[in-house]
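Order of the sequence lines sets the chain letters (A, B, ...), proteins ahead of strands, with each chain counted from 1.
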Protein chains: 2
Amino acid sequence: MSTVSTQRVGRRAKGELARERLKNAAIAVLDRAGYHQLRIKDVTAEAGVAAGLFHHYYSDLRSLVEEILEEHIAKAEATEVIERDVSKGDWFNRLRSHYRFAVRNHAEHPGIMRCIHQFCADDPDFRKRWNASYYKRLELLVDVFPFVFPDSELSADEARLIVYGLSGIGQDLLREYYIERDSPLLALQLSEEELAEWLAVLQYRSLFACNPPKEQLRYASRILTIKRHSSSPEHSDQACKGDLA
Amino acid sequence: MSTVSTQRVGRRAKGELARERLKNAAIAVLDRAGYHQLRIKDVTAEAGVAAGLFHHYYSDLRSLVEEILEEHIAKAEATEVIERDVSKGDWFNRLRSHYRFAVRNHAEHPGIMRCIHQFCADDPDFRKRWNASYYKRLELLVDVFPFVFPDSELSADEARLIVYGLSGIGQDLLREYYIERDSPLLALQLSEEELAEWLAVLQYRSLFACNPPKEQLRYASRILTIKRHSSSPEHSDQACKGDLA
DNA sequence: ATTATTATTGAATTTGGATTCAAGATCAAT
DNA sequence: ATTGATCTTGAATCCAAATTCAATAATAAT
């Protein structure tokens, strides 16, 4: 059907290409300006096409942006497999994997993440769509709750309260760090892996009320030095030893 | 100067009154529609005045809304005194007080909190203004870090990383709960005090890697039943006993 | 080579809403 | 009671940006 040669491009393929160029242009503008300053003219200018062409491919800005976000979500969902190589009881690595995913998303697609955030605040329908994706990940954790804590007297909703509450750890921080790029924490010059680990440690501590196993930590081990000076030394690290189910 | 009687109202006072009515109308519309759907006509209609009157009192919507938010921030800062009756080493109550403040804000002024959120995502200047207020509270916690954890090897920035990371606990949750009113957690029917306590417990656990003292908990004590079934019983609760500096 | 289809342009029009303003109403001062 | 100031109205105007569309170019089918 469509020619693959460099010069000759089929009509249909050419159309698809222009469509794609508009999309990429929009992403570029989203990155530097955000959704609410986005104008059709910005997009077509960035793509180097006439203003009128926009409506040949999209009915309005919102539908273009929705397509971008939808694709992002779909792609992320396809490749996440967050808990892929995490062994069954290895909770610290499970949490760290979730954060790796979140951190990578923010670091690689700040414009898109910002836009998702703006859409969620504005548009109930989109918020539902996003939450469906986001909560799917959270529910992975909620689901294993009764298995990990068989003795706990928590209801399912209470488990959810905990997971949803803890999911906020680092959310704002990631935004300030990667999107606004305007946080005192930028001074720390953290790599993605480092940041993911720190946040995972914080989450782990809250979940289990103890530290993750020392040997798993590659960057954030200094957090283990946090001890109430009023309590007996070496209290909790030992008790919550190992990390196997 | 101005008459206090019910019927007769001075010229100046009448003006102030209309100004106030516009402001309250705007808050009402913010509550139900949010900043980005806010129109001057909506505000004047809600206030029951002609469209043109708006510009007699405000140059544009943004300045009106900024005034509303500025007043909110100022009032909140004036009355917060968050750590007022928290005794020096009583960390659990300190955290709980912070959450009481956050929860109350969301419960009482969902429209304004939503608007703050929207402004922060859009407007770098406002975000700075808000962060100045928000970080002021967080720095209360950062500042006492070296005092509470004298043996810790954390740098100031690392302490900040922890505090900022943990500050996210419950942020999204409060939005979904009080602003969007669309969270599976609504099923729990939590009172403000209950929610504040749950979130404080989560934060406390992450900070100290142990549970807060049982006797402080009025609602969330079931969280103490969370124990890794692989570890020895009663491990950390005892070690981190009491709560005095 | 001719014809039909799709892609692209940019000027003209439309739209949603902010902004202005002349005129009328209300009020305090004299 | 008259005057001058402020408050209020709503229709008229303005404006930025979206949207349309007739004309032209590029490509594919015959």
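Within the cation-pi definition used here (under 6.0 Å to the ring centroid, within 45° of the axis), R96(A) does not qualify as a partner of F101(A). A cation-pi arrangement is absent between R160(A) and F145(A) under the rule of less than 6.0 angstrom and at most 45 degrees off the ring axis. By the 6.0 Å and 45° rule, R127(B) does not stack over the aromatic ring of W130(B).
Of the candidates dA17(D), dT20(C), dT20(D), dT20(D) carries the atom nearest the H55(A) side chain, counting heavy atoms from C-beta on.
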> What string of B, S and - do you get for nucleotides 8-15 of chain D, 5' to 3', when a contact is any protein heavy atom under 4.0 Å?
Replying inline: BBB-----
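For the pair E16(A) CD and dT6(C) C1', the computed distance is 12 Å after rounding to whole Å. If you take NZ of K41(A) and C1' of dT19(D), they are 14 Å apart, rounded to a whole angstrom. Here dT15(C) presents its P atom at 16 Å from CG of D60(A), a figure rounded to the nearest Å. Between the CG atom of L17(A) and the P atom of dT27(D) there is a distance of 12 Å, given to the nearest Å. Atom CG in D42(B) sits roughly 8 Å away from atom P in dG17(C) (whole-Å rounding).
Sorted by first then second residue, the salt bridge (Lys or Arg N to Asp or Glu O under 4.0 Å) pairs that include residues 104-113 of chain B, not counting sequence neighbours, are R104(B)-E108(B).
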> Under the salt bridge (charged side-chain N to carboxylate O under 4.0 Å, His left out) criterion, do R21(A) and E46(A) qualify, and how do the steps go?
Replying inline: CA-CA 9 Å; R21(A) 287 209 296 151; E46(A) 176 84 19; over 6 Å; no
